[in-house]
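In what follows, a single structure is set out as structure tokens and then discussed.
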Amino acid sequence: MMSWELWWIWAVAGLLLAIVEVIVPGYIFLGFAIGAIATGVIMLIGLNFGGLPAALAFFAVASLAAWYTLRRVLGIREGQVKIWDRDINDN
């Protein structure tokens with residue numbers, strides 16, 4: 001069995017990506033973490049992807065869906081304006 005076929009490899013990758021998200025905030029790595037954990041859960045319940053390309057495709061789609069959902073829920077609200085009170089050139 002190849003390492004990418006093991007569910008716990010995907011779960012550990014998701015956990016590591018979540019840790020990276022804590023260090024580098026921005027909801028970028030959190031989407032990848034959710035996608036990796038979702039891939040691991042699918043493999044845990046016994047669904048076989050049939051190969052690495054299919055597993056990576058599922059991971060990509062799950063990550064994109066998670067990122068889009070996070071962006072809609074946690075992103076800038078419609079009508080919200082960023083107000084700058086300081087210029088970077090002011091000393």
Exercise. What distance do T69 atom OG1 and L64 atom CG have between them, rounded to the nearest 0.5 Å?
Worked result: 9.0 Å
Problem set entry | Non-hydrogen atoms of A62 and A38 that approach each other most closely | CB-CB, 4.3 Å
For this session: Following the transitive rule for hydrophobic clusters with a side-chain heavy-atom cut-off under 4.5 Å over Ile, Leu, Val, Met, Phe, Trp and Tyr, establish whether V20 and I23 coincide in one cluster.
Result: yes
For this session: Show your working on side chain to side chain contact (heavy atoms under 4.5 Å, CB included) between V24 and F29 and close with a plain yes or no.
Result: CA-CA 8 Å; V24 183; F29 293 105; 4.3 Å; yes
Exercise. For the hydrophobic clusters of this structure (ILVMFWY residues joined by side-chain heavy atoms under 4.5 Å, transitively), does one cluster hold both V41 and V12?
Worked result: no
Exercise. Are M43 and M2 in one and the same hydrophobic cluster, where Ile, Leu, Val, Met, Phe, Trp and Tyr link if side-chain heavy atoms are under 4.5 Å apart?
Worked result: yes
Exercise. For F58, what residues pass the ring-ring contact (aromatic ring centres under 6.0 Å, His included) criterion, not counting sequence neighbours?
Worked result: F49
For this session: List for me each residue that meets side chain to side chain contact (heavy atoms under 4.5 Å, CB included) alongside A33, sequence neighbours excluded, and say none if there are none.
Result: L17, A18
Seminar exercise, completed: Heavy atoms of A66 and I34 approach each other most closely as CB-CG2, 3.6 Å
Exercise. For the hydrophobic clusters of this structure (ILVMFWY residues joined by side-chain heavy atoms under 4.5 Å, transitively), does one cluster hold both L44 and I9?
Worked result: yes
Exercise. Should W67 and I28 be marked as a side chain to side chain contact (heavy atoms under 4.5 Å, CB included) after you check the CA-CA gap, both sets of side-chain angles, and the distance that decides it?
Worked result: CA-CA 7 Å; W67 178 83; I28 300 297; 3.8 Å; yes
Exercise. How long is the span from the CD1 atom in I37 to the CZ atom in F32, to the nearest 0.5 Å?
Worked result: 14.0 Å
Exercise. Are L15 and L6 connected, step by step, through hydrophobic side chains (Ile, Leu, Val, Met, Phe, Trp, Tyr) whose heavy atoms are closer than 4.5 Å?
Worked result: yes
